[in-house]
Amino acid sequence: MEYDRVAKLALERGFYFPSCEVYSDSQAGFWEYGPNGVSMKGKFLELWRRELVRRDGMMEIDGSQIMTRSVFEASGHLDSFADPITRCAACGATFRADRMIQEACGATIPESADLAEFDVAIADNGISCSRCGGTLGPAKKFNMMFQVGIGPEGEEAYLRPETCQSIFVDFPRLFKTMRGRLPVGVAQVGKSFRNEISPRQSLLRLREFYQAEIEVFCNPQKLRQVPKFEQVRDTTIRIGGDGDMAETTCAAAVADGALPNEFVAYYIGILAEFYEKTGIDMGRSRFRRLGEKEKAFYAEVAFDFEVETATGWLELVACNYRTDHDLGGHSRHSGEKFEVMDGDTKVLPHVFEISMGIDRSLYTILEHSLNEDDTHDRTVLSIRPYLAPIHVGVLSLVKKDGLREETDTVHRAINRRYDAFLDHSGAIGRRYRRLDEIGCPFAVTVDHQTLEDDTVTLRERDSMGQRRVPLSELDHTISEAIAFP
RNA sequence: GCGGUCAUAGUAUAGCCUGGUCAGUAUGUUGGCCUUCCAAGCCAAUCACCCGGGUUCAAAUCCCGGUGACCGCACCA
């Protein structure tokens, strides 16, 4: 399905829409989830918890979004999550200073160098604006983190650019108090903030966005001793980039070196099994190993989980082997001890992270699930029942003859257990189609026969098929049909 | 951030060039009538000129600035 069609559905049916839209000065890159979006997001996260957090026995935390300056000195974000830029005084075009110098005279200045070095290089080599030839202004750092001032003195802090820093700084306490043993996963769902230069395409590139991150702490000496790898030995994954993509299994990928070890392969395997259950078309997915230049500054080995969408290949998850970059950095900066005992040896754990973009994942589920059914002149969101924002519609065939009251009773009987939507108004076919469009898998219709024999019609979304179900079996029938796999 | 295109009800659009009716239409939504299972019909109601400034007796319409959206470039874990 095309991007525009998904965007329109989101806007019209309360999945997501622009933030602050009544004000014309609202900035790009901020979006809200409406009722159906929130409901779907909640179910998506429940699936994530089931398939990753609970399955692997991880801990889940919920950390602060605002963190003090020291955290980002230690993590490297203050230096490395910023680009040196220079702006043309004449035409206003902005360039990356390091790239500009590299192109103009071949000199390589690391992007984390002192700003003065860029100014000197630009002056010495007589570099001018490549667009208009104008004079370039002094180099500045553009850091993608949002700075905030705390308290009356405005003490320096930042909105976190990734959720995982909370996990790293909390690690010593978590490991001690929660009886941690390596390897151990710590998970977190929450918002992160990045001051993107040009956010685009609604949920796909946001300045404020949701991540579901998992940091697995491990003993780097034991990456090949992973008993639970057996669970995913035969799990199908697609691995590679443009041109060399191949479908394989986790075991084969480790054997031929496409994946570095059983430890990484296990987590890639359970991640693939999770995404299979979201209904995303795994035939259009791949794990792509990133090259040196593409990787984040903290990653030693990185795989992106990407899915083909109407906008091209879209990165949904970044899997990074971060080594001891973070625990080492926080240990040095804070003076705290981050080493833990693994058996009788003391180790500074390494970290493998599974950093999931929730917003992008939800978009992809919508795009891959949305269909136009021309035969029946309807739009159907064929989302998995356990992810549907509304589980069941409860409809009266007509309002009169006591059917309205009977329908209300049926609704009241189930609306605590399910996301049920009550609707009395308009033609029955119109109501079915409205439910189809938000992916509601079932509709229960109360008619005159209901008053006689306590049965209702159960109508199924994808097939449009109908069958009669006794009211006494309704709860059981729905709960089976919408259960998580 | 740069360049191009664009901005009118929830959605899709007419009107703008050539300034002057109550800003039109479709669809949606809400209520009613009718209706015993797939967007039927009828009646009624409801909702809009992106923001700021300028020109003018008068601005949806012309001019300037801002913001946003889409596309391309650059950027992007």
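Hydrogens, waters and symmetry mates play no part in the numbers below; they use all other heavy atoms, side chains included. Chain letters run A, B, ... following the sequence lines, proteins first and then strands; every chain starts at 1.
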**Asked** Is it the case that A:R459 places NZ or CZ above or below the six-membered ring of A:Y432, under 6.0 angstrom from the centre and within 45 degrees of the axis?
**Response**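 Yes, a cation-pi geometry holds between A:R459 and A:Y432.
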**Prompt:** Cation-pi between A:K191 and A:F209: NZ/CZ under 6.0 Å from ring centre and within 45° of the ring axis?
**Reply:**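 Verdict for A:F209: no cation-pi partner in A:K191.
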**Asked** Where along residues 156-164 of chain A does a heavy atom come under 4.0 Å from RNA chain B, residue by residue in number order?
**Response**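 When residues 156-164 of chain A is checked for heavy atoms under 4.0 Å from RNA chain B, there are no hits whatsoever.
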**Complete:** Here the distance between atom C1' of B:rU27 and atom CZ of A:R378, to the nearest Å, is 20 Å
**Item:** Spacing between A:N36 atom CG and B:rG10 atom P, to the nearest angstrom
**Value:**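 From A:N36 CG to B:rG10 P: 18 Å.
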**Item:** Ring geometry between A:Y158 and A:F72 (parallel below 30°, tilted from 30 to 60°, perpendicular above 60°)
**Value:**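 Geometry flag for A:Y158 against A:F72: perpendicular rings.
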Using OP1 and OP2 only, check whether a side-chain N or O of [X] sits under 4.0 Å from [N].
{"X": "A:R434", "N": "B:rU29", "value": "yes"}
{"X": "A:Q201", "N": "B:rA69", "value": "no"}
{"X": "A:K400", "N": "B:rU35", "value": "yes"}

**Message:** Going by ring-ring contact (aromatic ring centres under 6.0 Å, His included), name the pairs with one or both residues in residues 348-379 of chain A, residues two or more places apart or in two chains.
**Reply:**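 Only A:Y3-A:Y363, A:Y321-A:H350 qualify under ring-ring contact (aromatic ring centres under 6.0 Å, His included).
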**Message:** Closest approach to the side chain of A:R200, judged atom by atom: which nucleotide of B:rC76, B:rU35, B:rC73 is it?
**Reply:**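 The answer is B:rC73.
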**Asked** Partner of B:rC57 by Watson-Crick or G-U wobble geometry, both contacts under 3.5 Å, or none?
**Response**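 Pairing partner: B:rG20.
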**Request:** Would you mind building the protein contact string for nucleotides 40-45 of chain B? One character per nucleotide, 5' to 3', B for base within reach (heavy atoms under 4.0 Å), S for sugar-phosphate only, - for untouched.
**Result:** S-----
**Asked** Listed by chain and number, what are the ring-ring contact (aromatic ring centres under 6.0 Å, His included) partners of A:Y298, not counting sequence neighbours?
**Response**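 Counting only residues at least two positions away or on another chain, A:Y298 forms no ring-ring contact (aromatic ring centres under 6.0 Å, His included).
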**Request:** Return yes if some donor-acceptor pair links the side-chain N/O of A:K295 with the main-chain N/O of A:E300 below 3.5 Å, else return no.
**Result:**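 Confirmed, A:K295 side chain pairs with A:E300 backbone.
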Protein-nucleotides 47-53 of chain B N/O pairs closer than 3.5 Å?
{"from": "B:rC51", "atom 1": "O4'", "to": "A:S24", "atom 2": "OG", "distance (Å)": "2.9"}

**Prompt:** Of all residues at least two apart in sequence or in a different chain, which pass the side chain to side chain donor-acceptor pair (under 3.5 Å) check with A:S463?
**Reply:** A:E460
